[in-house]
Amino acid sequence: MKIDVLVAEIGSTTTVVNAFKDIDTEEPVFWAQGQAPTSVLEGDVRIGLQGAIEDLCRKKGIDSLEYDEMLATSSAAGGLKMTVHGLVYDMTARAAKEAALGAGGIIHYVTAGKLRRTDIAKIKEIAPNLILIAGGVDYGERDTAIENAEMIRSMGLKTPVIYAGNCENQEEMKLIFDQESGQKLYNVENVYPKIDDLNVEPCRKVIQDAFEEHITGAPGMEHVRDMVNGPIIPTPGAVMECTKLLYDCIGDLIVLDVGGATTDLHSVATESDQVARIMTAPEPKAKRTVEGDLGVYVNRMKVIESIGEEKFREKCGKAGIDPDKTLESYAAIPKNEDEIKLVEILAEEAVMKAVERHAGKIRYIYGPSGRTSVAEGKDLTQVKYIVGTGGALTRLPHREELMKKIAFYDETGMRLFPTQHAEILVDHDYIMASLGVLSKNHREGAKKLLEKSLGIKFPERRGSIAGLNEAMGQKENGPAVFEELKREQDEQDSKREELIKHIEECEAQGYDMSAYREDLGLPVLEKKDPENLRS
C-alpha cells in the first residue's frame, strides 16, 4: 500500500504513526494510525517506529506500507532540556524563556544577571541539550552576556549555545565559542531588542533547528534519519505550530493538552484595547506554558493535593466512586467507568489550574492620585475558541462540559480568562501535533485535515481579527471588571482632552507650553517669535 506522508510522534513511552493520503488535493485523508512502545532505551528508535508501522498495517489488513515522505515529532530522550540565562528576569530572561517554551523546549533552569559558581554547578548537574544566552537591549548593556558566555565556555561542555541578546555582542560570541570550544554557536536576533518589545519568533525557529540536530545524535535516536526524510521537531513545538496555523484560520484561541505527567497550554491571542492600555509588560502573541505538576497519571497525587483531600473525596462521592479503590486500580489509561470519572475529576483541576497560571489578571495599585488599575500577564478575554487535544481532552465523555467551566472558574472577576462566548472544539482525531509538523511542507492539506478533526468549516478568508469578529457577530468582551476599567479610562481621556484644550488656550495667549506638550506626548510647536512669548 502506498501513501503520501507518514508522521511519527516519538514519545517517551509510546511511538504513534499517522498515515495521510491525497495530502495535496482538495480532500486529504487521515488514513490510519498505529502505535508501539518507544525503543530509545533499547538503543535504536527504529524498532519502535517499525513496530508502530506494523500495528497500522495489522489494523488496515495490509502486508506492507510505502510512503513518499516521513516526518516526525519527538519528546523522547528526555525532550529538549534547556537552560536560559538573561540580564533582568522580567525583561530579557523572561523573553528568552518565552522563546524556548514556544519552540517546545523543556526549561530546567533560568538565571538573571551574572552567573555564580552555584549556577555553574546547577548547569553541570542538568546537562542541558541546549543553552540560551540573552541580555541587554540592542546597543545597551553588553558585559553581563559576555561574562556569562565566558563562564559557560570554561565549563568544557559540548552543548550548543544560542545567543539572542544585544546585537553588538555577536562578533564577541563568535570569538568565545570558536572551533576550539567544541560548542556550536547560533547567533540570532535579540529576543528583547527594545524596552517592551518582544521578538521571540526568530529564536524559536533556531531552537527547533538545533533540536533536530541534537535529537538525531541522542542515544537510540542516531538512526532516526534512516527512516525520516522530512523535518523533526519537538512535540510541544509541533502543537504550537498547529495552534498558530489554526489562529490564521479562525482567530484568537487557546489549545489545552492534558497528559499523564504535564498539562500544556498554548495560546495565540491579542489583548483587548482596554487591557493593552494598562499592561505593565509586553506579552508574546503566541505563548506556551508547561505545568509539570499537573498530570492525570504520573502526577495524579499532586493534582489531588491541589484540589484538597476533603474536596476531592466530596467530588468522588458525588460521582459515585470509591477514591481509594479506584486510585489503586487506575494505571495510565482508564479501563472502566469509575476510572473514567476519576480522570475527569483530575482533568478538570488540571485544566483550571493551567488556565489560571497562564492567564493574566487585573490588579489595583494605590498612589498619591488614588487607585489605578494595571494588567499583568496574558489577556485571554478575546479568545473565541477553546480547543482540547491530548489523551484526556479528546477521549473523556464529558470533555466539552469540562472546558466550558473555564469561563466560570474565576470568582474574583479580576482574571483575564476566556469568557462564556468562547466556543469549544475537540481534536477528535488527536492529530494536532502531526499536523503541526505536516504544515511545514503541506500547509493547505494540514488546514483541511484540521477542519475535519475539529468538525468545523473555516471562513474562506479570515482577514483582520476585528473583521472576523464582526462577521461572527462577536464584540470585544471580558470580565465584569472591564466596565470599571472603561469608566476609569473614559475619565482619563476626558481629563486629557481638557488639558489639551487648556494648553491650546494658553498658547493662543502667547504662553510657551512646550514642557506640558512633552509631558503629554504631543508634538512641540515651533517657536515663531520667542521674544513675544510670555514666560
Side-chain angles (χ1 to χ4, degrees), residues 13 254-267 288-364 376-378 380-381 383 386-420 422 424 426 478-481:
T13 57
I254 63 172
V255 173
L256 281 155
D257 184 349
V258 178
T262 67
T263 295
D264 288 11
L265 199 163
H266 303 74
S267 67
R288 168 179 170 247
T289 47
V290 184
E291 307 307 337
D293 61 334
L294 299 177
V296 293
Y297 178 61
V298 175
N299 285 315
R300 59 193 182 280
M301 299 313 294
K302 289 185 179 179
V303 176
I304 291 170
E305 186 181 320
S306 174
I307 298 172
E309 183 74 24
E310 187 177 334
K311 191 174 180 183
F312 169 68
R313 291 185 175 277
E314 183 183 319
K315 283 176 175 279
C316 289
K318 286 181 180 178
I321 61 175
D322 180 334
D324 298 318
K325 183 180 176 182
T326 311
L327 279 169
E328 188 178 343
S329 66
Y330 170 46
I333 299 172
K335 301 177 292 297
N336 54 51
E337 189 176 341
D338 282 2
E339 290 182 5
I340 289 171
K341 289 178 179 178
L342 170 70
V343 175
E344 285 188 333
I345 292 169
L346 298 175
E348 180 177 332
E349 179 69 10
V351 164
M352 299 310 164
K353 284 297 177 187
V355 175
E356 184 180 304
R357 295 175 189 177
H358 186 99
K361 61 183 177 181
I362 291 171
R363 186 167 66 85
Y364 294 134
E376 300 170 332
K378 185 74 176 172
L380 302 180
T381 60
V383 161
I386 298 171
V387 184
T389 189
L393 296 182
T394 59
R395 300 292 178 260
L396 290 173
H398 299 103
R399 54 192 179 271
E400 293 189 25
E401 293 93 323
L402 189 158
M403 288 187 279
K404 282 178 181 175
K405 293 180 182 179
I406 292 172
F408 305 97
Y409 181 72
D410 175 30
E411 295 177 356
T412 66
M414 302 292 281
R415 295 191 179 275
L416 302 174
F417 271 33
T419 69
Q420 58 187 310
I424 307 299
V426 176
V481 75

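Remark: Ile362 CD1 to Leu416 CG distance equals 5.0 Å, nearest 0.5 Å. In this structure, CE in Met352 is found 5.5 Å from CG in Leu402, a value given to the nearest 0.5 Å.
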Practice problem: Please assess Lys353 against Tyr409 for the test side chain to side chain contact (heavy atoms under 4.5 Å, CB included), listing each intermediate value before the final yes or no. | Solution: CA-CA 10 Å; Lys353 284 297 177 187; Tyr409 181 72; 3.8 Å; yes

Self-check item: Step-by-step side chain to side chain contact (heavy atoms under 4.5 Å, CB included) determination, Val383 to Ser267
Solution: CA-CA 9 Å; Val383 161; Ser267 67; 5.9 Å; no

Practice problem: Let me see the working for Lys405 and Val351 under side chain to side chain contact (heavy atoms under 4.5 Å, CB included), right down to the final yes or no. | Solution: CA-CA 10 Å; Lys405 293 180 182 179; Val351 164; over 6 Å; no

Quiz prompt | Check against side chain to side chain contact (heavy atoms under 4.5 Å, CB included), Leu256 and Ile386 | solution = CA-CA 8 Å; Leu256 281 155; Ile386 298 171; 4.1 Å; yes

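Closest non-hydrogen pair, Pro334 versus Glu339, comes out as CA-OE1, 3.4 Å. Among all heavy-atom pairs drawn from Gly320 and Asp338, the shortest one is O-OD1, 4.5 Å. The two residues Leu393 and Gly388 come nearest to each other via the heavy atoms CB-CA, 4.0 Å. Shown here for Leu346 and Val303, the closest heavy-atom pair between the two residues is O-CG1, 3.6 Å.
With sequence neighbours excluded, the residues forming a side-chain hydrogen bond (donor to acceptor under 3.5 Å, both in side chains) with Thr289 are His358, listed by chain and number.
Screening residues 332-353 for ring pair (Phe, Tyr, Trp, His ring centres under 6.0 Å) gives no qualifying pairs among residues at least two apart or on separate chains. For residues 318-334, the pairs satisfying salt bridge (charged side-chain N to carboxylate O under 4.0 Å, His left out) are Arg313-Asp324, Glu314-Lys318, with sequence neighbours left out. For the ring pair (Phe, Tyr, Trp, His ring centres under 6.0 Å) condition, the pairs that include at least one residue of residues 297-345, sequence neighbours left out, are Tyr297-Tyr330. The salt bridge (charged side-chain N to carboxylate O under 4.0 Å, His left out) pairs that include a residue from residues 290-305 are Glu291-Arg357, Asp293-Arg357, where partners are two or more places apart or lie in different chains.
The backbone N or O of Thr326 lies less than 3.5 Å from a partner atom in the side chain of Ser329, making a donor-acceptor pair.
Screening Lys361, Arg363, Arg415 for a salt bridge (Lys or Arg N to Asp or Glu O under 4.0 Å) involving Glu376 leaves a single residue, Arg363.
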What side-chain donor-acceptor pairs closer than 3.5 Å can you find for residues 257-266, not counting sequence neighbours?
unit_1	atom_1	unit_2	atom_2	d
Thr263	OG1	Leu294	O	2.7
Asp264	OD2	Arg288	NH2	3.3
His266	NE2	Pro236	O	3.3

